[in-house]
2 protein chains.
Amino acid sequence: MLFSTATGYALRALAALPEDGTFCLAKDLSSQLDLPGPYLAKILQGLVQASILESVRGPKGGFRLARPSHRITVGEVVAALEGPQALEGCVMGFPTCSGDHPCPLHDAWDAVKTQVTSSMTEATIRDLQLMDLRHQKEAEVSRGAGKKRPSPAG
Amino acid sequence: MLFSTATGYALRALAALPEDGTFCLAKDLSSQLDLPGPYLAKILQGLVQASILESVRGPKGGFRLARPSHRITVGEVVAALEGPQALEGCVMGFPTCSGDHPCPLHDAWDAVKTQVTSSMTEATIRDLQLMDLRHQKEAEVSRGAGKKRPSPAG
DNA sequence: AGCATTTCAGAATCCTTTTTCTGATTCCAG
DNA sequence: CTGGAATCAGAAAAAGGATTCTGAAATGCT
């Protein structure tokens, strides 16, 4: 993976949150996604501090998105957890690598940074939700349409 | 950086090795490159096991390239230290992400993998050596043009 | 107001990566 | 052939991130 595990957990949790203002429990999210509960809670706290989530304590409390899911970009989440300089520096760690002294992978890596940064800025949590919904839908279909054959001979 | 620090150290050490069959000491490499000596030695051992370096023990021993520098690709080194699956998996760590269920960054990441893999396969240690030589050359020039005084009082 | 439920915050534990240390092996000199 | 110096090689320690645990604060219900 390109990012830390915490960032991956955060994105999966955000994608699992409902779009309406319903509060969700960190515990439920962790069991639903098979993620370590207390660690996920700690990560969600970080997202609250980054104004990506809102939390309410007490009964009927929990976490919810601070904004509509299509207004939260993947890049925001990455920046909140990985820091804004996530993709900086030479690919290979050469301290002398720069625009003046480019390493052989410098240009390719530069294109990568542009591409990934652009994609992260465009992609939103809403997109992740749709992906997950699509996955669940297909799982249902395959469950109903017929059992998974070990040898798809047809 | 995209890879581990060990991989970065390995690449820097390989770029510092001479192209002829001379044996170099891990100690000299570490002091020349300002890298932790015993750790670098351990990394070099891994490169020996990957048949990228050759080592000889005892006096007049040391490490040297197992092949001409232009025959060792950056990809080989990365694969030897990071494993062959270094760039596999979803960018964001989504376990359900695949060609069938692509995440929003799937295509971009796929292009990245292709691009970086290709560059790593083409770039060789020889290219890294040339980059470093170029850097040293320019450092010399700048040293001649205006010397760096310890106390630039005037 | 008091109690139960729930989240937030910080400390402690575990694991991986990074770093360091000691021992095994090799070559040269006598 | 033996002793000593030099070097790699593998095991042991340290550091950083990931994970888990425990305590403190806040809210809603009675």
Side-chain angles (χ1 to χ4, degrees), chain A residues 1-13 17 21-31 33-66 78 80-83 85-86 92-93 95, chain B residues 1-14 17 21-66 78 80-83 85-86 89 92-93:
Chain A
M1 196 191 334
L2 183 57
F3 307 115
S4 72
T5 68
T7 300
Y9 290 176
L11 291 170
R12 286 165 71 182
L17 284 172
T22 311
F23 284 98
C24 280
L25 303 171
K27 191 182 175 184
D28 290 345
L29 284 172
S30 68
S31 64
L33 299 169
D34 272 318
L35 299 180
Y39 186 39
L40 179 61
K42 192 185 184 69
I43 296 167
L44 296 180
Q45 290 168 24
L47 296 178
V48 170
Q49 298 207 347
S51 299
I52 292 171
L53 286 182
E54 284 175 353
S55 64
V56 167
R57 295 199 260 201
K60 304 229 177 169
F63 293 92
R64 71 174 176 189
L65 299 175
V78 172
L81 295 177
E82 304 269 324
Q85 313 288 337
M92 300 188 281
Chain B
M1 192 195 335
L2 183 58
F3 307 116
S4 72
T5 69
T7 301
Y9 290 176
L11 290 169
R12 286 164 71 182
L14 289 172
L17 284 172
T22 311
F23 283 99
C24 280
L25 303 173
K27 191 181 173 183
D28 291 345
L29 283 172
S30 68
S31 63
Q32 177 185 341
L33 299 170
D34 271 320
L35 300 180
Y39 185 39
L40 180 61
K42 189 184 184 68
I43 295 168
L44 297 181
Q45 290 167 25
L47 295 178
V48 170
Q49 299 208 346
S51 300
I52 291 171
L53 288 182
E54 285 175 355
S55 66
V56 167
R57 294 201 263 200
K60 304 231 175 168
F63 293 91
R64 72 174 176 189
L65 298 175
V78 172
L81 295 177
E82 304 269 324
Q85 313 288 339
M92 301 187 281

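Order of the sequence lines sets the chain letters (A, B, ...), proteins ahead of strands, with each chain counted from 1.
Put simply, the side chain of Glu82(A) gets close to the backbone of Ser4(A): a donor and an acceptor are under 3.5 Å apart. With Arg64(A) contributing its side chain and Thr22(A) its backbone, the two residues share no donor-acceptor pair below 3.5 Å.
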Using nucleotides 17-20 of chain C, report all nitrogen or oxygen pairs with the protein that are shorter than 3.5 Å.
{"residue": "dT18(C)", "atom": "OP1", "partner": "Thr5(B)", "partner atom": "N", "Å": "3.2"}
{"residue": "dT18(C)", "atom": "OP1", "partner": "Thr5(B)", "partner atom": "OG1", "Å": "2.8"}
{"residue": "dT18(C)", "atom": "OP2", "partner": "Tyr39(B)", "partner atom": "OH", "Å": "3.3"}
{"residue": "dT18(C)", "atom": "O5'", "partner": "Thr5(B)", "partner atom": "OG1", "Å": "3.4"}
{"residue": "dT18(C)", "atom": "O5'", "partner": "Tyr39(B)", "partner atom": "OH", "Å": "3.4"}

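Counting only N and O atoms by type, the side chains of Ser55(B) and Gln45(B) include no donor and acceptor under 3.5 Å apart.
The CG atom of Leu25(A) sits 20 Å away from the P atom of dA4(C) (whole-angstrom rounding). If you measure from atom CZ of Phe3(B) to atom C1' of dT16(C), you get 19 Å, rounded to the nearest angstrom. Distance, Phe23(A) CZ to dT27(D) P: 12 Å, rounded to whole Å. Atom CZ of Phe63(A) is separated from atom P of dT7(C) by 7 Å (rounded to the nearest Å). The distance between atom NZ of Lys60(B) and atom C1' of dC27(C), rounded to the nearest whole Å, is 10 Å. Spacing between atom CD of Gln45(B) and atom C1' of dG10(D) amounts to 7 Å, rounded to whole angstrom units. With rounding to whole Å, Glu54(B) atom CD is found 18 Å from dT7(D) atom P. As rounded to whole Å, 6 Å separates atom C1' of dA24(C) from atom CZ of Arg57(B).
At a threshold of 4.0 angstrom between heavy atoms, the contacts of Leu44(B) with the nucleic acid are absent. Among the heavy atoms of the strands, none lies under 4.0 Å from Ala41(A).
Between Leu44(A) and Tyr9(A) the shortest side-chain heavy-atom distance does not fall below 4.5 Å.
Contact detail for Met92(B) and Leu11(A): the closest heavy-atom pair is SD-CD1, 3.4 Å. When all heavy atoms of Leu81(B) and Ala6(B) are compared, the closest pair comes out as CD1-O, 4.0 Å. For the pair Gly37(B) and Ser30(B), the tightest heavy-atom approach, listed with the atom from each and the gap, is CA-CB, 3.5 Å.
For the OP1/OP2 pair of dA9(D) and a distance below 4.0 Å, the side-chain nitrogens and oxygens of Ser55(B) include at least one atom meeting the criterion.
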